[in-house]
Trainee: 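The structure is given below, and queries will be raised subsequently.
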Amino acid sequence: MRHSAAHVMAAAVCRLFGKVCLDIGPATDDGFYYDFDLEHRLTPEDFPAIEAEMARIIAADLPFERLEVSRAQAEEMLRDQPYKLARLADIPADENITFYRCGDFRDLCRGPHVERSSQIKAFKLLTVAGSYYRGLETNPMLQRVYGAAAADAAALQTILQRLEEAKQRDHRKLGRELDLFSAQELVGPGLIHWHPRGARIRVVIEDFWRQAHLRGGYELLYTPHIGRANLWETSGHLDFYRESMYAAMEIDNAAYYLKPMNCPFHIQVYKSAKRSYRELPLRWAELGTVYRYEKAGVLHGLLRVRGFTQDDAHIFCTPGQMAAEIKRTLDFAMRILRAFGFTDISAYLATRPAKAVGAPENWAQATAALEQALRELQVDYQRDEGGGAFYGPKVDLKIQDAIGRAWQLSTVQFDFNLPERFDMSYIAEDGKAHRPYMIHRALLGSLERFFGILTEHYKGAFPLWLAPEQVRVLPLTDQQLDYARQVADALLAAGARVTVDGSAGKIGAKIRNAQVDKIPYMLVAGPREAAAGQVSVRSRAAGDEGACPLAAFREKLARESAAPEY
RNA sequence: GCCAGCUUAGCUCAGUUGGUAGAGCAGCUGAUUUGUAAUCAGCAGGUCGCCGGUUCGACCCCGGCAGCUGGCUCCA
């Protein structure tokens, strides 16, 4: 039905805009799109006319007819459709060539379709965008119109509501409304400023992350932001990653580059001493800020930026330790993700691509270790055959957020390349130098991206342990301002993130503002509470919870705001 | 980077078929001192993204640039 809706849209566009070169128009999860090439530049202002034309075709209840034709007939039918002719040429000789006809519109198409146009019950055009022919950057750009289509009006409403819900959760909107972060034109695109409220959350995330890593057997590193050209030549980045790197800075006749990755620095720390098998595995983690030149058109809020902090780590181990380290790392990653409220986790295992470095038997061993760990940890996973980086196989973990969207966060990657390039070694029991195994991993991915996803997951209503402002004390009148400050001081001393609303408004207004700011707890302090040393607790989610002694609330807060177990 | 669209006050948006702009919220000041989602009044705030062109005159028309948005491509 959705695919048929694409045909009907193409038919409508052809009727309205004269000569249209058609490419393809498949169904999508929620609807359909069609790629065309036409003189007229389509805009959303064209949608009502196209939709009206589509509605006419649907109302006419036209049949979809399947036509089986010879290749010669097909070529004749498509003589003024260059993209279609190219698609036709791709159809294998032993396959039937079919067209589907609906009214005066017919399209080279494998089908199937609905029987009659009236079976398209509900649709709506959504956006128009550019799209390279066959997805190749060097090809001409076609115009793509996306639409939603559903079995009935209610189902279409559900789709549109889901899109609206995603819009309401957009971290860029919430980031502005809740004053969490910004990017500044004067500074440059893709460079993030964490405002006080966003930074408070980041501090909690980082503190939690550091504690977890120290308890999890990692050491923490800090490494420089720039390094000499030699370093990046040795690592190979200047050969294969240069277009993603910021240009060199010349200092004392040497070229320095801003780091796009942390690995070479960690390797230098490794190489600062002769390593023994007795000290392996080494697990070194760093919140490492990197800069990458991302094309302007791909930047997106916090999710795709040019400067970001990876929660990076490198594990150096012996081949014999590798399987255990993999399992340990994946288990650790999942426990951390669950702590942040992401419980629905799945995995992708990417295996050896055609062009790869490293011995095939090492690849096989590493891939098997990854797969075994996934099985032992009972994670659902899919294999992405040949999808690994050239330097090693990897596992990516994906989570589902509160409205079911999937995001890739963690990645665990083998590296058979850098240990070689940097000639890393350790002395084994046999007294000889051996090459260590190297594993890259990031759990949150980058703090920017993770924070964006977290914001959308919670719709800005961060749980108590993450909330930038956990408690706001609301004096009923100015008479209670001193008492409110005492309450706040007492909570502050206990480690809470707390403020006082000293504005002149009525209590209703103060509550409204606190709700809009998504503060987990509001404490109303009127004359009754001040006299009794109490606070009236209102929770963001549950509303008025009644009065209790300040000390009791302080204990409740301490209990509830502890970082989660993991 | 590519295609298209957008850019007016801190935010969300009106507006002028070319005669240099307005609202709500936020801010500030004053009044109000209030019991669980918006008290009232006043004030202030804008080289209408930037640069250039056309014009007697440009926020409006044209060109260039920047940023953003939706996609595409990319994502070691």
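Excluded from the calculations below are hydrogen atoms, water molecules and symmetry mates; all remaining heavy atoms, backbone and side chain alike, are included. Quick caveat, the model's predicted, so the values are computed rather than measured. Chain A is the first sequence line, chain B the second, and so forth, proteins listed ahead of strands; every chain is numbered from 1.
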Trainee: Could you please name the option among B:U33, B:U39, B:C72 that lies closest to any side-chain atom of A:M141?
Mentor: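 My answer, after comparing the listed nucleotides, is B:C72.
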Trainee: Contact class for A:S536 (heavy atom, under 4.0 Å): base, sugar-phosphate, or nothing?
Mentor: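 It contacts base atoms.
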Trainee: Does A:Q480 reach a base, just sugar-phosphate, or nothing at all? Heavy atoms under 4.0 Å.
Mentor: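 Here A:Q480 touches no strand at all.
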Trainee: If you measure from the P atom in B:C3 to the same atom in B:C43, how many Å do you get, rounded?
Mentor: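 Pairwise P distance, B:C3 against B:C43, rounds to 50 Å.
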Trainee: Does A:Q143 make a side-chain donor-acceptor contact with the base of B:G71, cut-off 3.5 Å?
Mentor: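 Counting by modelled atom types and ignoring angles, no donor-acceptor contact under 3.5 Å is found here.
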Trainee: Students often get this wrong, so: under 4.0 angstrom with heavy atoms, is A:A389 touching a base, only sugar-phosphate, or nothing?
Mentor: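 Nothing, no nucleic acid heavy atom in range.
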Trainee: With a non-hydrogen cut-off below 4.0 angstrom, is A:P527 in contact with a base, only sugar-phosphate, or nothing?
Mentor: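 Base, at least one base heavy atom under 4.0 Å.
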Trainee: Counting side-chain heavy atoms from C-beta on, which of B:C3, B:U33, B:A37 comes nearest to A:T477?
Mentor: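 For A:T477, the side-chain atoms sit closest to B:U33.
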Trainee: By nearest atom, which of the nucleotides B:A38, B:U36, B:C72 is closest to the A:V298 side chain?
Mentor: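 Nearest nucleotide to the side chain: B:C72.
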Trainee: When the C1' atoms of B:A26 and B:C11 are compared, how many Å lie between them, rounded to an integer?
Mentor: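 After rounding to an integer number of Å, I get 7 Å for this pair.
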Trainee: With rounding to the closest Å, how many angstrom separate the P atoms on B:G53 and B:G57?
Mentor: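 Going atom to atom, P in each nucleotide, I get 11 Å.
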Trainee: Please work out if A:L476 contacts a base, only the sugar-phosphate, or nothing of the nucleic acid, heavy-atom cut-off 4.0 Å.
Mentor: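 Base, at least one base atom sits under 4.0 Å.
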Trainee: Identify the two heavy atoms, one from A:F123 and one from A:E51, that lie closest to each other, and give their separation to 0.1 Å.
Mentor: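 So the minimum-distance heavy-atom pair works out to CZ-O, 3.7 Å.
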Trainee: How far, in whole Å, is B:G71 from B:C56 if one measures between their P atoms?
Mentor: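 Looking at atom P only, B:C56 and B:G71 are 46 Å apart.
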Trainee: Have a look at A:R41 and say if it touches a base, only the backbone sugar-phosphate, or nothing, with a 4.0 Å heavy-atom cut-off.
Mentor: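 Here A:R41 touches the backbone only, sparing every base.
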Trainee: Taking the minimum atom-to-atom distance to the side chain of A:E137, which one of B:U73, B:G70, B:U33 wins?
Mentor: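 Nearest listed nucleotide: B:U73.
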Trainee: Any idea which of B:U34, B:G35, B:C3 is nearest the A:A504 side chain?
Mentor: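 Out of B:U34, B:G35, B:C3, the nucleotide with an atom closest to A:A504's side chain is B:U34.
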Trainee: Indicate whether the side chain of A:Q480 and that of A:T477 have a donor and an acceptor atom separated by less than 3.5 Å.
Mentor: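 A pair is found: one side chain offers a donor N or O, the other an acceptor, under 3.5 Å apart.
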Trainee: Need to verify one output field. Residue with the more 5' nearest nucleotide on RNA chain B, A:R144 or A:Q515?
Mentor: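 Checking each residue's closest nucleotide, the 5'-ward one belongs to A:Q515.
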Trainee: Pick base, sugar-phosphate or nothing for A:G526, based on heavy-atom distances below 4.0 Å to the nucleic acid.
Mentor: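 Base: the residue A:G526, judged by heavy atoms under 4.0 Å, touches a nucleobase.
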Trainee: Return the nearest nucleotide to the side chain of A:H300; candidates are B:G70, B:G35, B:U12.
Mentor: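 Side chain of A:H300 sits closest to B:G70.
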Trainee: Looking only at side-chain N and O atoms, does A:Y133 offer a donor or acceptor that is under 3.5 Å from a partner on A:D35?
Mentor: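 The answer is no; no qualifying pair exists.
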Trainee: For nucleotides B:G19 and B:G24, find the distance between their C1' atoms and express it as a whole number of Å.
Mentor: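 28 Å, rounded to whole Å.
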Trainee: Parallel, tilted or perpendicular: which fits the ring planes of A:F36 and A:Y34, with parallel below 30° and perpendicular above 60°?
Mentor: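 Aromatic pair A:F36/A:Y34 classed parallel.
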Trainee: Are side-chain N/O atoms of A:N262 and A:Q310 paired as donor and acceptor at under 3.5 Å?
Mentor: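 Checked: A:N262/A:Q310 side chains pair up, N/O donor to acceptor below 3.5 Å.
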Trainee: Here's a test of your reading of the structure: between A:Q413 and A:G301, which maps to the more 5' nucleotide of RNA chain B?
Mentor: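 Closest to the 5' end, via its nearest nucleotide, is A:G301.
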Trainee: Using a 4.0 Å heavy-atom cut-off, does A:Y146 contact any base of the nucleic acid, only the sugar-phosphate backbone, or nothing at all?
Mentor: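 Here A:Y146 touches the backbone only, sparing every base.
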Trainee: Any side-chain donor paired with an acceptor under 3.5 Å for A:T28 and A:D30?
Mentor: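 The answer is no; no qualifying pair exists.
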Trainee: Please determine whether any donor N or O and acceptor N or O are separated by less than 3.5 Å between the side chain of A:Y132 and the base of B:G1.
Mentor: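 Per atom types, the contact qualifies.
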Trainee: Should the side chain of A:R172 and the base of B:C68 be counted as holding a donor-acceptor pair, with the cut-off at 3.5 Å?
Mentor: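 In this structure, the two groups form no donor-acceptor pair.
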Trainee: Considering only B:C74, B:C11, B:A66, which nucleotide approaches the side chain of A:R176 most closely?
Mentor: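 For A:R176, the side-chain atoms sit closest to B:C11.
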Trainee: In terms of side-chain heavy atoms of A:V516, which of B:A37, B:U12, B:G35 is nearest?
Mentor: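 Of the candidates, B:A37 comes closest.
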Trainee: How far, in whole Å, is B:G35 from B:U16 if one measures between their P atoms?
Mentor: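 Taking atom P in both B:U16 and B:G35, they lie 45 Å apart.
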Trainee: Would you mind classifying the nucleic acid contact of A:G297 as base, sugar-phosphate or nothing, using non-hydrogen atoms under 4.0 angstrom?
Mentor: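 Base, at least one base atom sits under 4.0 Å.
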Trainee: Could you check whether any side-chain N or O of A:R200 sits under 3.5 Å from a backbone N or O of A:P468, counting only pairs where one atom can act as donor and the other as acceptor?
Mentor: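 Yes.
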Trainee: Pick the P atom in B:G52 and in B:U69, then give their distance to the nearest Å.
Mentor: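 Between the two P atoms, the distance is 28 Å.
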